[in-house]
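Every number for a ligand or one of its atoms is a count from 1 in the order of the listing.
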Amino acid sequence: MRTIPIRASRSYEVLIGPGLLGEAGERLAQKFGSCRAMMVSDDRVNSLYGDALEATLRESGIEAERFVFPHGEESKTLSSYSALLEAMCAAKLTRKDLLIALGGGVTGDLGGFAAATYRRGIPYVQLPTTLLAAVDSSVGGKTAVDLAGGKNQVGAFCQPSLVLCDTDTLDTLPQEERRAGCAEVVKYGLLGSEALFEALEKNPAAAWSEDTIAACVEMKRRYVEEDEFDTGARQFLNLGHTFGHAAELLSGYSLLHGEAVAMGMAAITRSAAEAGICSRETLGRLIALLEACGLPTALPYPAEDLARAAGTDKKALGKSITLVVPEAVGRCRLETVPVSDLLLWLQRGGAK
Ligand code: NAD
Ligand code: MG
């Protein structure tokens, strides 16, 4: 098992390894003493792991209630959020009690935001069950729900009190979710670790190992500790996301996030290669790795539509936007460009 301490506005540990779900009750009782809990999960994850979690909590004297919502991004809304708050209120949770988010990024974002705001904030624990949640969303304290006008438009920075990543739970992920999760792992390699990138080139299945997950969390830790509130260095984690979010939006969210990030990473790297910022070899290695992971590498939307969508991304500040541009495998730079240049970046990136 691996333990990664995070020192942010709240300090906490990320534990990564097999069997952690079954130990959750004991670990939580140790950390929080006598308390009650609201378990939050989508229907799929609840049917797979809800009973096991509730059993270990009860064995350790933690009485738990469940809030279960229909799986999918469509549930990351203000109405789910308010239903969850009402359930917490009906259960008479106090600030001594806790919320446990058991699931993927949707569950973590929704549950985290409810915990951040219920009675002005109660502690919460993340139990990530997707690769994306393990390497990204469960760590770092960004919580949010979507508005009709866009993703993650209302939320709060609020760090969890503990992250228990039980790697056994990843075994039940459906095939398309497995592929999508790999995109974020490739992102960490391209962003800051040639060693990680090489390990994936040798064997894409390495994305699922405890070592790889720990390496990704360790990288995220550094960005979060340096820039918890996302005004500087944390923007590096957006690699592939500016164009990826635009593609996600244009697909009406039928693309999985990881698929969109793969397309976005390929496009920004292609653009960087065209501009002489990175080599053709870097581009070739990225495309080959994404393909080996079964991920798409071309943006299937018109460049003008993508530019318009990217220009309204929440990362765009007024008339300029900061792009994360690869210089080599394991090294990227931030480049702030006028929104009016996005079309050029996209066209060089292969969008028609
Ligand atoms: P998700 O939570 O919807 O999970 C994907 C699907 O996998 C769901 O249908 C779920 O039921 C199923 N599932 C989850 N775990 C499973 C398991 N172990 N076995 C079988 N099925 C399982 O989506 P996601 O990809 O985990 O997360 C995407 C969300 O994360 C987006 O809303 C995104 O905005 C957010 N996100 C947040 C941050 C952050 O820093 N807060 C970072 C990245 C992404
Ligand atoms: Mg992402």
A.B. asks: Which atoms of ligand 1 are found less than 4.0 Å from any heavy atom of Pro174?
C.D. replies: 20 (C), 21 (N)
A.B. asks: Which residue holds the protein heavy atom closest to atom 13 (N) of ligand 1, what is that atom called, and what is the gap in Å?
C.D. replies: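 Here the nearest protein heavy atom works out to Val45 CG2, 3.8 Å.
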A.B. asks: Does a sphere of radius 6.0 Å around CD in Glu304 hold more than 12 heavy atoms from other residues, nucleotides or ligands, not counting ones at 6.0 Å or beyond?
C.D. replies: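 No, the 6.0 Å shell around CD holds no more than 12 heavy atoms from other groups.
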A.B. asks: May I ask you to check whether over 12 heavy atoms, not counting those of Glu176, lie within 6.0 Å of atom CD?
C.D. replies: yes
A.B. asks: Go through ligand 1 atom by atom and flag the ones less than 4.0 Å from a non-hydrogen atom of Lys220.
C.D. replies: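 Ligand 1 atoms under the 4.0 Å threshold to Lys220: 40 (O).
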A.B. asks: For Thr169, take its heavy atoms, then give the atoms of ligand 1 lying under 4.0 Å from any of them.
C.D. replies: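 Matching atoms, with element in brackets: 17 (C), 18 (N).
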A.B. asks: Which atoms of ligand 1 sit under 4.0 Å from any heavy atom of Gly104?
C.D. replies: 2 (O), 26 (O)
A.B. asks: If you count the atoms of ligand 1 from 1 in the order shown, which ones are under 4.0 Å from a heavy atom of Glu177?
C.D. replies: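 Answer for ligand 1: 5 (C), 6 (C), 7 (O).
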A.B. asks: Considering only heavy atoms, which of Val135, Thr172, Val106, Asp166 lies nearest to atom 1 (P) of ligand 1?
C.D. replies: Val106
A.B. asks: When you check the side-chain N and O atoms of Glu184 and His241, is any donor under 3.5 Å from an acceptor?
C.D. replies: yes
A.B. asks: Atom 33 (C) of ligand 1: which protein heavy atom is closest, and how many Å away?
C.D. replies: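 Ranking protein heavy atoms by distance from atom 33 (C) of ligand 1, first comes Lys151 NZ, 3.7 Å.
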A.B. asks: With respect to atom 27 (O) of ligand 1, which of Pro70, Gly105, Pro128 exhibits the smallest heavy-atom separation?
C.D. replies: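 That would be Gly105.
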A.B. asks: What part of His71, side chain, backbone, both or neither, has a heavy atom within less than 4.0 angstrom of ligand 1?
C.D. replies: side chain
A.B. asks: Does the distance from a Lys or Arg side-chain N to an Asp or Glu carboxylate O, for Lys142 and Asp109, drop under 4.0 Å?
C.D. replies: no
A.B. asks: With a 4.0 Å cut-off, would you call Glu194 and Arg285 a salt bridge?
C.D. replies: yes
A.B. asks: When you measure from atom 12 (C) of ligand 1 to every protein heavy atom, which one gives the shortest distance, and what is it?
C.D. replies: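 I find the closest protein heavy atom is Arg44 NH1, 4.2 Å.
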A.B. asks: Among all protein heavy atoms in this structure, tell me which lies nearest to atom 22 (C) of ligand 1, with the distance rounded to 0.1 Å.
C.D. replies: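 Atom 22 (C) of ligand 1 sits closest to the protein heavy atom Leu173 CD2, 3.6 Å.
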A.B. asks: Using only N, O or S atoms, tell me which atom of Glu184 is closest to the Mg ion (ligand 2).
C.D. replies: OE2
A.B. asks: Any ion pair linking Arg2 and Asp211 (charged N to carboxylate O, less than 4.0 Å)?
C.D. replies: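 Counted as a salt bridge, because a side-chain N and a carboxylate O are separated by less than 4.0 Å.
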A.B. asks: May I ask you to say whether Glu226 pairs ionically with Arg234, meaning some side-chain N is under 4.0 Å from a carboxylate O?
C.D. replies: no
A.B. asks: Are Trp345 and Thr242 side-chain neighbours, meaning at least one heavy-atom pair lies under 4.5 Å?
C.D. replies: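 Answer no - side chains too far apart.
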A.B. asks: For atom 31 (C) of ligand 1, which of Arg234, His257, Glu73, Glu184 has the closest heavy atom?
C.D. replies: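 Looking at heavy atoms only, the winner is Glu73.
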A.B. asks: Charged N to carboxylate O below 4.0 Å: is that the case for Asp51 and Arg66?
C.D. replies: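 Result for this pair is yes, salt bridge flagged.
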A.B. asks: Does the distance from a Lys or Arg side-chain N to an Asp or Glu carboxylate O, for Arg270 and Glu274, drop under 4.0 Å?
C.D. replies: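 Looking at Arg270 and Glu274, the cut-off is not met.
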A.B. asks: Any idea which protein heavy atom is nearest atom 38 (C) of ligand 1, and the distance to it?
C.D. replies: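 Here the nearest protein heavy atom works out to Ser137 CB, 3.2 Å.
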A.B. asks: Does a side chain donor of either Glu26 or Thr56 reach within less than 3.5 Å of an acceptor in the other side chain?
C.D. replies: no
A.B. asks: Quick check: do Gln126 and Ile100 have side-chain heavy atoms less than 4.5 Å from each other?
C.D. replies: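 In short, these two side chains do not touch, never coming nearer than 4.5 Å.
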A.B. asks: Under 4.0 Å from a heavy atom of Tyr49: give me the atoms of ligand 1 that qualify, with their elements.
C.D. replies: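 Listed by number with element: 18 (N).
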A.B. asks: Considering only protein heavy atoms, which is closest to atom 11 (O) of ligand 1, and at what distance to one decimal place?
C.D. replies: Asp42 OD2, 2.7 Å
A.B. asks: Tell me the protein heavy atom at minimum distance from atom 28 (C) of ligand 1, and give that distance in Å.
C.D. replies: Leu132 CD2, 3.8 Å
A.B. asks: In ligand 1, which numbered atoms sit nearer than 4.0 Å to a non-hydrogen atom of Asn152?
C.D. replies: 34 (O)
A.B. asks: Would Lys220 and Glu218 pass as an ion pair if we require N to O under 4.0 Å?
C.D. replies: no
A.B. asks: Is ligand 1 less than 4.0 angstrom away from at least one heavy atom of Leu170?
C.D. replies: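 Not so, Leu170 does not reach ligand 1.
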A.B. asks: Give the atoms of ligand 1, by number and element, whose distance to some non-hydrogen atom of Leu48 is under 4.0 Å.
C.D. replies: 19 (N), 20 (C)
A.B. asks: Where is the nearest protein heavy atom to atom 35 (C) of ligand 1: which residue, which atom, and how far?
C.D. replies: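 Of the protein heavy atoms, Asp109 OD2, 3.4 Å lies nearest.
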